[in-house]
Undergrad: 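I am attaching a structure below and will ask some questions about it afterwards.
The structure presented is a predicted model; accordingly, all values stated were derived computationally and were not measured.
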Amino acid sequence: MHKLFCTVLLAAAPLAFAGDIVVGQSAPLTGGNAELGNDIRNGALAYFKKVNDAGGLPAGRLKLVTLDDRNDARLAADNTLKLVDDDGAVALFGYASSTLSIPAMPTVAERKVPFFAPFTGADAIRKQNEYVYTVRATYADEIEKIINFWGSVGGTRVTVLHYDDAVGKQNFDTVAAVLKKFNRTPVSVPIKRNADISDADVQAVVASDPNVLVITTLYAPAAQLVKKLKAGGRAAMVTSLSFAGASQLAKALGPDASGVSVSLTVPTPRTSSVAVVRECNDAWASAGQKETMSVTALESCIAAKVLVEGMRRSGKELTRASLHRALSDLGRYDAGGYVVNFKPNFHHGGSYVGMALLRPNGDVRD
């Protein structure tokens, strides 16, 4: 009944939604990046359950509809159209990368659907259209933090593992730009997406003789490279961008996690001094999750809270247009120790960047 109702309303303006408030998500629930996709999904589900258990919102109860894209960009585009046209999503949430987000943009722009909290700090997604809202800092913010930290203690022989695509090359160029202040030039080691680390990749890193290795890929190739380097007795300080998924990388590395650090765009789940971290940990446990909440799930939970605040401010008549207006006018919003700041002409509200160490037991400690 609800799906039919939403489908019929597609011809009307503005769109309104009865019963469930549908939030759509395309994410890799299976395949090589499944752990990241499932953590993004489960973090949002935990917060939405908390809201629903308290009676929901004035416009109804929250329902997250997630379609598996298997980390395939074409499938992400198809899923987006289904979520918007068939499921009547009032917003799209938590796409797992820039590569999976960009294919959604034609539908987002045409249907004027708020596209909220993609798991990416790439500039490419920020430049798409007015309906994109991000809550995390940029990769450039993270890279500046990493390079300045290592540079201040003499870590200026830098090699960068990055994808051989526009985002990966931009990450390398950002490292190069920041490293100029230390009169150094980084070495590039590019790899293809969805490819395993080869012996040639390992040799390229070894030949560059870095004292700092900056990793900007997902967790699988990052873990492969670190394991191979350690197995060969090659020592270098390793720091990964948050994009890898800190908790996922720690698990994949196991005993080899010692000495590996990551940049973070949210506090760690153990930072109990931060109110929203305590709130999300409670929501996680109430949702029946048995494992410790990952950094990725925490980021998703915080983002879900910010999205819900926009929905609250939309009132009973929640539409894509009213949500877009409410988010655009949100201003400075403190989610409980994590602040975002949206403005009518600037929808990229996060700036938090921290650093943390990975532990052999899969933990992430700041």
Undergrad: Do Q289 and N42 come within less than 4.5 Å of each other through their side chains, counting heavy atoms only?
TA: yes
Undergrad: Heavy atoms, side chains only, cut-off 4.5 Å: are Y47 and E279 in contact?
TA: yes
Undergrad: So how far is it from L36 CG to T296 OG1, rounded to the nearest 0.5 Å?
TA: 5.0 Å
Undergrad: For the residue pair T138 and D141, confirm or rule out a side-chain donor-acceptor distance under 3.5 Å.
TA: yes
Undergrad: Could you check whether atom NZ of K112 has more than 12 heavy atoms from other residues, nucleotides or ligands sitting under 6.0 Å from it?
TA: no
Undergrad: Relative to each other, are the rings of F116 and F342 parallel, tilted or perpendicular (30° and 60° limits)?
TA: perpendicular
Undergrad: Do the two ring centres, one from Y133 and one from H348, sit under 6.0 Å apart?
TA: no
Undergrad: Linking I/L/V/M/F/W/Y whenever any side-chain heavy atoms sit under 4.5 Å apart, do I40 and L64 land together?
TA: yes
Undergrad: For the pair D363 and R365, evaluate salt bridge (charged side-chain N to carboxylate O under 4.0 Å, His left out) and give the outcome as yes or no after the intermediate values.
TA: CA-CA 6 Å; D363 202 359; R365 294 291 183 101; 2.7 Å; yes
Undergrad: Start with the C-alpha distance between D86 and K82, add both sets of side-chain angles, then the distance that settles salt bridge (charged side-chain N to carboxylate O under 4.0 Å, His left out), and finish with yes or no.
TA: CA-CA 5 Å; D86 295 346; K82 291 175 184 176; over 6 Å; no
Undergrad: Between H347 and T134, is a side-chain hydrogen bond (donor to acceptor under 3.5 Å, both in side chains) present by the stated rule, with each step listed?
TA: CA-CA 7 Å; H347 297 165; T134 65; over 6 Å; no
Undergrad: Should S263 and L241 count as side-chain neighbours, where that means a heavy-atom distance under 4.5 Å?
TA: yes
Undergrad: Give me the atom names and distance for the closest heavy-atom approach of A117 to F93.
TA: CB-CE1, 4.1 Å
Undergrad: In Å, rounded to the nearest 0.5 Å, how long is the span from OG of S97 to CG of N33?
TA: 7.5 Å
Undergrad: Tell me, please, whether Y352 has R136 positioned over its six-membered ring: NZ or CZ under 6.0 Å from the ring centre and within 45 degrees of its axis?
TA: no
Undergrad: Does the side chain of T217 come under 3.5 Å of the side chain of H162 through a donor N or O and an acceptor N or O?
TA: no
Undergrad: Quick check on the hydrophobic clustering: are I302 and V51 connected, directly or via other members, by side-chain heavy-atom contacts under 4.5 Å?
TA: yes
Undergrad: Would you say T66's side chain and G24's backbone share a donor-acceptor pair under 3.5 angstrom?
TA: no
Undergrad: Does F182 belong to the same Ile/Leu/Val/Met/Phe/Trp/Tyr cluster as V175, with side-chain heavy atoms less than 4.5 Å apart forming each link?
TA: yes
Undergrad: Do the side chains of Y163 and K192 get nearer than 4.5 Å, heavy atoms only?
TA: no
Undergrad: Spell out, as yes or no, whether a donor-acceptor pair under 3.5 Å connects the side chain of R320 to the backbone of V90.
TA: no
Undergrad: Using the rule that Ile, Leu, Val, Met, Phe, Trp and Tyr join whenever any side-chain heavy atoms are under 4.5 Å apart, tell me whether V214 and L357 fall into a single cluster.
TA: no
Undergrad: Would you please say whether a donor-acceptor pair under 3.5 Å links the side chains of S26 and N79?
TA: yes
Undergrad: Show me, pair by pair, the donor-acceptor contacts under 3.5 angstrom made by side chains of residues 145-154, not counting sequence neighbours?
TA:
{"from": "N148", "atom 1": "OD1", "to": "K181", "atom 2": "NZ", "distance (Å)": "3.1"}
{"from": "N148", "atom 1": "ND2", "to": "E144", "atom 2": "O", "distance (Å)": "3.1"}
{"from": "W150", "atom 1": "NE1", "to": "T239", "atom 2": "OG1", "distance (Å)": "2.7"}
{"from": "S152", "atom 1": "OG", "to": "N148", "atom 2": "O", "distance (Å)": "3.3"}
{"from": "S152", "atom 1": "OG", "to": "F149", "atom 2": "O", "distance (Å)": "2.7"}

Undergrad: What residue among D69, T120, T80 forms side chain to side chain donor-acceptor pair (under 3.5 Å) with Y95?
TA: T80
Undergrad: Spell out, as yes or no, whether a donor-acceptor pair under 3.5 Å connects the side chain of D53 to the backbone of K50.
TA: no
Undergrad: Please report the closest heavy-atom contact between D209 and R157, naming both atoms and the distance.
TA: O-NE, 2.9 Å
Undergrad: K305 vs E309, test: salt bridge (charged side-chain N to carboxylate O under 4.0 Å, His left out). Steps then yes/no.
TA: CA-CA 6 Å; K305 181 174 183 177; E309 180 62 22; over 6 Å; no
Undergrad: Is it true that the side chains of T268 and T271 contain a donor and an acceptor less than 3.5 Å apart?
TA: yes
Undergrad: What distance do E35 atom CD and L29 atom CG have between them, rounded to the nearest 0.5 Å?
TA: 12.5 Å
Undergrad: Side-chain donor-acceptor pair under 3.5 Å between E130 and H324, yes or no?
TA: yes
Undergrad: Quick one: pull up NZ in K63 and CZ in F48 and give me the separation to the nearest 0.5 Å.
TA: 13.0 Å
Undergrad: Check whether any side-chain heavy atom of V266 lies under 4.5 Å from a side-chain heavy atom of Y338, and answer yes or no.
TA: yes
Undergrad: Checking salt bridge (charged side-chain N to carboxylate O under 4.0 Å, His left out) against D256, which of K228, K227, R359 comes through?
TA: K227
Undergrad: Please find the pair of heavy atoms, one from L75 and one from D72, that lie closest to each other, and give the distance.
TA: N-OD1, 3.0 Å
Undergrad: Indicate yes or no for a side-chain donor-acceptor contact from N129 to the backbone of Y131 under 3.5 Å, with no hydrogens or angles considered.
TA: yes
Undergrad: Using modelled atom types only, decide if a donor and an acceptor are shared between the side chain of T156 and the backbone of R184 within a distance under 3.5 Å.
TA: no
Undergrad: Working note: S294 + S247, criterion side-chain hydrogen bond (donor to acceptor under 3.5 Å, both in side chains); need CA distance, chi angles, decisive distance, verdict.
TA: CA-CA 5 Å; S294 70; S247 302; 4.5 Å; no
Undergrad: Look at the side-chain heavy atoms of Ile, Leu, Val, Met, Phe, Trp and Tyr, link any pair under 4.5 Å apart, and say whether V178 and V262 land in one connected group.
TA: yes
Undergrad: Distance only, no hydrogens: is a donor on one side chain within 3.5 Å (strictly under) of an acceptor on the other, for T265 and E142?
TA: no
Undergrad: Search all heavy atoms of A222 against all heavy atoms of L249 and return the closest pair with its distance.
TA: CB-CD1, 3.8 Å
